[in-house]
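As structure tokens, the structure follows; a few thoughts come after it.
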Amino acid sequence: MQIIPETPHNTESRAEYRVFDKIREAFVDNSYYVAFHSLNLTKHNKKRFGEADFVIVCEFGVFVFEVKGGRVSSYNGLWFTIDRNNIKHQIQNPFRQSEGALHAIENKIRESKKFIGMNIPVGYGVIFPDVEWNQSSSEWDVKVICDTKKFRNFESWLERFFIYWFSRPFNNHKLSLHEIAKIKQYLRPNFELIEPLHAQLSRLEDAVVKLTDEQYRYLDIVSANKQVLCSGGAGTGKTFLAAELSRRLGNSGKKVVLVCKSNWLKRYLETRIRNESVVISTIDSAKVDKRRAGIDSYDVLIVDEGQDLFDFDHINTLEMIVNGGLQDGEWYIFHDINNQSGLFIDTKLEVLDIIKSYNPANVPLTINCRNSSQILKKIQSTLHLDMGNKGTGQGPNVHEIHVTENDSAVVLEKQINQLLQSGVSVDQITILSPLNYDKSSVSNLSVKLQKQIIKLDEFLVRSDSIQGIGFTEVKNYKGLENEVIIVIDLIDPVTIENVADKVQHYVAMSRARSLLYVLWIK
């Protein structure tokens with residue numbers, strides 16, 4: 001059946017990955033069945049925030065499933081799971097959990113005027129893919145339980161499960177294709193909230209940008225090969241794909257290392273990837289981190305911002321930490337050597353030639369999934385550098401202002417105040433300069449405004465919300481992004497003839513998701 005999203009998103013549960021595959025393989029090419037993974041529930045009776053592991057909408061109705069992996073136990077009404085490391089975790093009663101999620105969806109549908117007069121059958125189930133269920137109780141009916149035996153022939157169990165609920169009061173009728181499509185269209189925008197790659201400013205329409213089908217396709221292509229060299233401009237999703245790939249491979253049981261150059265990017269990735277099978281390292285700490293993890297060598301090597309590692313010392317380190325080395329090992333390198341080289345090291349093209357000599361699969365990323373159309377067009381027209389195509393949609397126009405060094409701070413203060421007065425929050429704004437704080441235009445702002453500015457460091461970037469306007473040097477912000485970026489202390493790139501000298505302009509301007517201000521020095 002169709003499952004949304006097409007790839008499991010943001011889950012560290014191996015059991016959910018297995019159930020995801022089983023659901024995808026069930027009722028193939030049957031348009032009467034569609035499933036959702038990890039749906040947020042906005043009308044849960046008992047929780048401020050709720051979530052359903054899986055929801056299936058089909059001709060028999062709407063059904064919610066809770067998944068519990070590992071061993072399961074219950075004592076005096078308290079429920080626990082025991083993971084593969086023999087660690088016990090207290091959980092909610094899975095039957096009440098799935099029933100509560102079902103009621104949340106029912107309430108949401110009932111409140112909508114779109115379904116007046118439509119009788120929608122409903123039901124819930126619990127999936128225990130790792131244990132054999134031999135317990136009976138008045139609290140559950142075994143027909144709503146899928147254990148490890150039934151899980152082997154999951155589609156057959158689903159057929160019996162749907163027939164069971166069809167026989168229940170008020171459930172004995174089927175939905176039409178039109179009704180299924182109508183419910184699907186309603187559930188997706190209200191319940192499927194994924195980690196956004198781009199969010200509009202508060203003064204734009206309230207929208208969550210969904211991951212594109214192209215990105216999922218790229219993830220599938222990359223993971224289908226053992227050695228991959230993946231290239232793409234800023235904003236084409238390299239860091240996202242590297243992170244998602246590391247989660248996917250880590251959940252498969254492989255020992256994975258994700259390596260980058262910047263300690264800032266490492267700290268940022270640590271907050272996005274929480275998987276005991278994935279080690280995140282900078283190239284300079286890779287050997288030490290490997291020893292600390294008690295690992296002789298990793299099963300998989302993933303490199304983000306690879307252009308920052310293309311020199312002979314760094315490639316020797318990569319060679320030593322992965323099983324089989326670069327020639328025979330499993331590795332995935334994401335890079336932008338054409339546009340972002342030279343900020344950290346003197347990039348050696350010979351190193352890239354060595355990597356290419358191993359005949360990896362070459363995967364070019366062409367879809368920009370970070371920047372608004374206005375930002376995308378401005379960077380391409382100003383710098384004549386690759387940024388991918390498409391963009392994330394229409395946003396505010398880019399603001400370009402030419403200033404002298406003497407009046408730069410005055411203009412900067414005016415722009416910041418206008419942003420704050422328009423309702424933009426301080427944590428949505430980051431100021432980037434090629435200079436450190438004391439030498440930048442920021443140091444000449446009023447004392448009152450400087451109190452709202454926070455000097456970012458490798459630890460602060462781990463926070464989802466910084467209580468102030470961020471400031472840092474351009475090179476530190478590689479791989480990161482924010483809604484509003486203000487670029488200062490750079491000369492107008494139209495006066496630069498050498499493309500290599502535009503790297504800081506490219507990195508700085510491409511960090512903006514929705515709104516870009518640039519104050520060019522005359």
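Screening residues 274-307 for ring pair (Phe, Tyr, Trp, His ring centres under 6.0 Å) gives no qualifying pairs among residues at least two apart or on separate chains. Note on residues 393-402: pairs passing salt bridge (charged side-chain N to carboxylate O under 4.0 Å, His left out), not counting sequence neighbours, are Lys378-Glu400.
With hydrogens and angles left out, the side-chain atoms of Lys68 and Gln97 include a donor and acceptor closer than 3.5 Å. Of the N and O atoms on the side chains of Thr404 and Asp407, at least one donor lies less than 3.5 Å from an acceptor on the other residue. There is no side-chain donor-acceptor pair under 3.5 Å between Arg248 and Asn251.
A salt bridge does not link Glu305 with Lys238: every distance from a Lys NZ or Arg NE/NH1/NH2 to an Asp or Glu carboxylate oxygen is 4.0 Å or more. One finds a salt bridge joining Asp308 and Lys478 here, because a Lys/Arg side-chain nitrogen approaches an Asp/Glu carboxylate oxygen to under 4.0 Å. A salt bridge does not link Arg511 with Glu481: none of the charged nitrogens is closer than 4.0 Å to a carboxylate oxygen.
Of the possible polar contacts, one joining the Asp457 side chain to the Leu460 backbone as a donor-acceptor pair under 3.5 Å is found. A donor-acceptor pair is defined here as one N or O able to donate and one able to accept, closer than 3.5 Å; no such pair exists between the side chain of Thr382 and the backbone of Ile379. A donor-acceptor pair is defined here as one N or O able to donate and one able to accept, closer than 3.5 Å; such a pair exists between the side chain of Asn436 and the backbone of Asp438. Trp331 places a side-chain N or O within 3.5 Å of a backbone atom of Leu326 that can act as its donor or acceptor partner. Remark: side-chain polar atoms of Gln428 are paired, donor with acceptor, to backbone N or O of Ser425 under 3.5 angstrom. Side-chain atoms of Glu483 do not come within 3.5 Å of backbone N or O of Arg513 as any donor-acceptor pair. With Lys348 contributing its side chain and Phe312 its backbone, the two residues share no donor-acceptor pair below 3.5 Å.
Around atom NZ of Lys88, more than 12 heavy atoms belonging to other residues, nucleotides or ligands sit under 6.0 Å away. For Asp353, the CG atom sits in a packed shell: over 12 heavy atoms of surrounding residues, nucleotides or ligands are nearer than 6.0 Å.
Residues forming a ring pair (Phe, Tyr, Trp, His ring centres under 6.0 Å) with Tyr437 (at least two apart in sequence, or on another chain): Phe471. Residues passing the side chain to side chain donor-acceptor pair (under 3.5 Å) test with Ser443: none are found, sequence neighbours excluded. Take Leu435 and apply the side-chain contact (heavy atoms from CB on, under 4.5 Å) test, not counting sequence neighbours, and it matches Ser433, Lys439, Ser440, Asp489. With sequence neighbours excluded, no residue forms a salt bridge (Lys or Arg N to Asp or Glu O under 4.0 Å) with Glu405. With sequence neighbours excluded, the residues forming a side-chain contact (heavy atoms from CB on, under 4.5 Å) with Ser285 are Lys266, Ser281, Thr282, Asp289, listed by chain and number. By the salt bridge (Lys or Arg N to Asp or Glu O under 4.0 Å) test, Glu350 pairs with no residue at all, sequence neighbours left out. For Tyr477, the ring pair (Phe, Tyr, Trp, His ring centres under 6.0 Å) test picks out no residue, with sequence neighbours left out. For the side chain to side chain donor-acceptor pair (under 3.5 Å) test, no residue two or more places apart in sequence or in another chain qualifies with Ser277. Remark: Glu16 pairs with Thr11, Ser13, His37, Asp53, Phe54, Val67 by the side-chain contact (heavy atoms from CB on, under 4.5 Å) rule, at least two apart or across chains. Not counting sequence neighbours, the partners of Gln415 by the side-chain contact (heavy atoms from CB on, under 4.5 Å) test are Ile401, Val411, Gln418, Tyr517.
Inter-residue side-chain proximity for Val322 and Val300 is flagged as unmet; no heavy-atom pair is nearer than 4.5 Å. Taking 4.5 Å as the limit, some side-chain heavy atom of Leu245 sits within range of a side-chain heavy atom of Ile302. In this structure, the side chains of Gln504 and Leu432 stay at 4.5 Å or more apart for every pair of heavy atoms. Side chains of Ile283 and Val303 form no contact here, defined as non-hydrogen atoms less than 4.5 Å apart. The side-chain heavy atoms of Ile496 and Ile491, taken from C-beta on, include a pair separated by under 4.5 Å. In this structure, Val503 and Val507 have side chains that are in contact, with non-hydrogen atoms separated by less than 4.5 Å. Side-chain contact between Ser231 and Asp336: absent, with no pair of heavy atoms (C-beta onward) separated by less than 4.5 Å. Put simply, the side chain of Ile469 reaches to within 4.5 Å of the side chain of Ile416, judged on heavy atoms.
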Under the side-chain contact (heavy atoms from CB on, under 4.5 Å) criterion, do Leu309 and Ile315 qualify, and how do the steps go?
-> CA-CA 7 Å; Leu309 307 185; Ile315 195 138; over 6 Å; no

Verdict with reasoning, Met320 to Lys290, per side-chain contact (heavy atoms from CB on, under 4.5 Å) = CA-CA 11 Å; Met320 295 169 59; Lys290 180 169 67 72; over 6 Å; no

Which is it for Arg267 and Glu458 under the salt bridge (charged side-chain N to carboxylate O under 4.0 Å, His left out) test, yes or no, and what are the steps along the way?
-> CA-CA 6 Å; Arg267 298 297 184 188; Glu458 61 192 69; 3.5 Å; yes

Evaluate the side-chain contact (heavy atoms from CB on, under 4.5 Å) criterion for residues Leu229 and Tyr332: first the C-alpha distance (whole Å), next the side-chain angles of each, then the deciding distance (0.1 Å), finally the verdict.
-> CA-CA 6 Å; Leu229 198 55; Tyr332 307 87; over 6 Å; no

Go through the steps for Val259 and Ile321 under the test side-chain contact (heavy atoms from CB on, under 4.5 Å), then give the verdict.
-> CA-CA 11 Å; Val259 181; Ile321 63 176; 4.2 Å; yes

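When all heavy atoms of Glu330 and Lys254 are compared, the closest pair comes out as OE1-NZ, 2.9 Å. Between Pro493 and Lys502 the shortest heavy-atom distance is O-CE, 3.6 Å. Taking all atoms of both residues into account, the shortest heavy-atom contact from Thr317 to Ala286 is CG2-CB, 4.2 Å. The two residues Val55 and Ala52 make their nearest non-hydrogen contact at CG2-CB, 3.8 Å. Nearest heavy-atom pair across Asp427 and Asn482 is O-ND2, 3.1 Å. In plain terms, the two heavy atoms of Ser510 and Asn371 that are nearest each other are O-ND2, 3.1 Å.
You'll find the ring centres of Trp520 and His505 inside the 6.0 Å limit.
To the nearest 0.5 Å, the span separating CD1 on Ile521 from CG on Leu490 amounts to 8.5 Å. Atom CD in Glu413 sits 12.0 Å away from atom OG in Ser441 (nearest 0.5 Å). How far CG of Asn476 is from CH2 of Trp264: 4.5 Å, rounded to the nearest 0.5 Å.
Under the side chain to side chain contact (heavy atoms under 4.5 Å, CB included) rule, Asp304 has a single partner from Ile333, Leu265, Leu241, which is Leu265. If you run side chain to side chain contact (heavy atoms under 4.5 Å, CB included) between His399 and each of Ile486, Leu515, Val518, only Leu515 comes through.
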